[in-house]
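See below for the structure under consideration.
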2 protein chains.
Amino acid sequence: MIGLDKKVGYSVATGFAQAELIAALAAVTANEPRVMTVRAGKALPSGPFESSHRSLQAGLRDWVESQTGHPVGFLEQLYTFADGDRDPGAGTGMRRISISYLGLVREQAAPGAGQPEWHGWYEYFPWEDRRDGADDRAGGLDQIAASLSAWAGSDPHLSAERRQRVDFTFGLNGMNWNEDLVLQRYELMYEAALIPEAGGSPGFGQPMQGDHRRILATGIARLRAKIKYRPVAFEIMPASFTLLQLQRTVEALVGLNLHKSNFRRQIDQQELIEETGETTAETRGRPAMLFRYRPSVLEARQMAGTRLPISRT
Amino acid sequence: MIGLDKKVGYSVATGFAQAELIAALAAVTANEPRVMTVRAGKALPSGPFESSHRSLQAGLRDWVESQTGHPVGFLEQLYTFADGDRDPGAGTGMRRISISYLGLVREQAAPGAGQPEWHGWYEYFPWEDRRDGADDRAGGLDQIAASLSAWAGSDPHLSAERRQRVDFTFGLNGMNWNEDLVLQRYELMYEAALIPEAGGSPGFGQPMQGDHRRILATGIARLRAKIKYRPVAFEIMPASFTLLQLQRTVEALVGLNLHKSNFRRQIDQQELIEETGETTAETRGRPAMLFRYRPSVLEARQMAGTRLPISRT
DNA sequence: TTGACATAAACTCACTATGAGCATAATCCT
DNA sequence: AGGATTATGCTCATAGTGAGTTTATGTCAA
């Protein structure tokens, strides 16, 4: 694969591949995270990488902004796939390389002819929404747990190991639910053939074309992990907002209910936001103060993080 | 770039590219992190991605193991580049896509004919080693600070902003050094033309071919960030080790001195390791207990992490 | 043999962050 | 006016972290 001393002798096609970009673009509307889709919600927007662009990132950004009509606040490369095993339409001998991205946009485009549609991302992963409001629709955790238990039991040799893995990944039998394990959960269900894309029976979430649901899972996982130590939630919020709106947005993304006063404390001791001085009376109760981000602090916090016992002596 | 409704009409070459894999393989020997290189330390091992392999990861793993003679404990995709701006030998019209990986190996291969060489990674980034022992060689922080200060002053319009960025990124003027910002520091120096690869003058670290030093910086940054919340250090350690050996290894990777007793406390309250029962007298002082990892816990800790104010009521 | 030295391992203490819940304030609705 | 509703502030116990000190157990050199 990698030749240290092969300086010559490649066949013509060697090392050449078809390059494709796939974007998972997320927005939050009405406390519901949504993802931009094509083909009636069955695929993420994608297309060939063309050589006219300076870089992957720059080209993708231009394209997204022209499509959505809104600037992309956050755009991050997710993963590059070339797995033949999961890619059905190969055959040509030339590999397809898919470079996937996660992007956050502030608002979704107005629906119009030929416009991409936005779908709630929990349609694809109903089990990932553990907020109180989330009606535990068909395909809830209980059913998944039952199916996975059956799968674990189906191989007497591996069943103990499998059960442990299931419990940990899905927060069962006394384990805590870990909202970051979106991809691990999807992969586990895939392995247990609960996913139509893997030849399993439908029932657990809407399927997508090819690998797209896996890419979306990767994006959700990345976003949920990142939101804890980088102020990415602001990329999705409007210019001014109340603390509850911010909390609801974060809750939508992580799929969990947060503790109100502790959330507020965390936000303001990080000094990420400041009052605008105005209030809003959108809700029934006491009017809430409006806040805005403090871009300077934001930029610094953009890169932070450490928890090592450093010696300063 | 991405065509939603362009179903036909691509030119033949559209979307095709030359795919290349680049690996940053790290090991720690004698408390010094090293990276596998080719071409007399001027390049990371790389080669074309061939279609015979099932997946990127699997192929790279096979290759690395055959080259180093040791299993790769940890292998993670870093980033995929297709930036034309930094790639000198383009010209063909077909883009080159570089998919880079970070790998950790336990020991370095015995030196032999045709064997790849290992170089200390601080040869390429002397300023990243902030341990006490690190003799502040030529090209130390003071010189970099001076050069960057000159660069900041060279544009009266941007100088304030630049100075702030420099201070934050390099931990100057009262700011703390953040060991994770390896890539940001390199990019900043690149922008300030302190890097030969950018047409700057030599002096700050050994240069490498093309983008390779940037890839290495990305790998170091990723590893430093990851070591805080995932037990990756064990992937580099031998089967049994003392706590000080473990600490020295982590220190080598993060380029900082750690607080001894706090480090030990963190390790054992995470329950990642257990005593083997034996002791070693490698050092002059009191013999140290030997430890080994606890694979079961290790696997669970492999995916952890959260710090959100979750509501459990 | 003895003391100087070096390292390991355990323990202390102040301070900060976090989880949980309660109290008070300012609106709207009827 | 009074209840409902939401916002914001405050308390308190507990866990985690930074920074040291103390005690144990070995080697090495005089």
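Between B:Arg284 and C:dC5, a side-chain N or O to OP1/OP2 separation shorter than 4.0 Å is absent. Contact check, B:Gln269 against D:dA15: no side-chain N or O comes under 4.0 Å of OP1 or OP2. For A:Lys260 and D:dA7, the shortest distance from a side-chain N or O to OP1 or OP2 is below 4.0 Å. The phosphate of D:dT8 has OP1 or OP2 within less than 4.0 Å of a side-chain N or O from A:Arg264.
As a whole-Å value, the separation of A:Lys228 NZ from C:dT18 P is 14 Å. Whole-Å rounding puts the B:Asn262 CG to C:dA10 C1' distance at 13 Å. Spacing between atom CD of A:Gln247 and atom C1' of D:dA7 amounts to 12 Å, rounded to whole angstrom units. Between B:Leu246 atom CG and C:dA8 atom P the separation is 12 Å, expressed in whole Å. Per the geometry, CZ belonging to A:Phe241 stands 14 Å off P belonging to D:dA7, to the nearest Å. Rounded to an integer number of Å, the gap from A:Asn176 CG to C:dG19 C1' is 13 Å. Atom CG of B:Leu258 is separated from atom P of D:dG20 by 15 Å (rounded to the nearest Å). Rounded to a whole Å, the CZ atom of B:Arg286 is 9 Å from the C1' atom of D:dG26.
With distances taken from any side-chain atom of A:Met289 to the nucleotides D:dT21, C:dA6, D:dT8, the minimum falls on D:dT8. Out of C:dT7, D:dG9, D:dA19, the shortest distance to the side chain of B:His259 is found at D:dA19. Each of C:dC29, D:dC10, D:dT25 was ranked by its minimum atom distance to the side chain of B:Pro287; first place goes to D:dT25.
Between B:Phe241 and B:Tyr293, the distance separating the two ring centers is shorter than 6.0 angstrom.
Within 4.0 Å (heavy atoms only), B:Ser261 reaches at least one base atom of the nucleic acid.
An end-to-end axis angle of 0° holds for the helix from C:dT1-D:dA30 to C:dT30-D:dA1, taken from five base pairs per end and rounded to 10°.
The minimum heavy-atom distance linking A:Glu271 with A:Arg294 is given by the pair O-NH1, 3.2 Å. Residues B:Leu183 and B:Ala221 share a closest heavy-atom pair of N-CB, 4.2 Å.
Side chain of A:Ser240 to main chain of A:Arg292: no donor-acceptor pair is present (N/O by atom type, distance under 3.5 Å, no hydrogens or angles). Distance alone, capped at 3.5 Å, is enough to place a donor-acceptor pair between the A:Arg106 side chain and the A:Phe234 backbone.
To the nearest 0.5 Å, atom OG of residue A:Ser261 and atom CG of residue A:Leu243 are 11.5 Å apart.
Remark on DNA chain C: of its neighbouring residues B:Leu243 and B:Arg265, the 5'-side contact belongs to B:Leu243, judged by nearest-heavy-atom nucleotide.
The pair B:Arg230-B:Glu76 fails the salt-bridge criterion, with no side-chain N (NZ, NE, NH1 or NH2) lying under 4.0 Å from an Asp/Glu carboxylate O.
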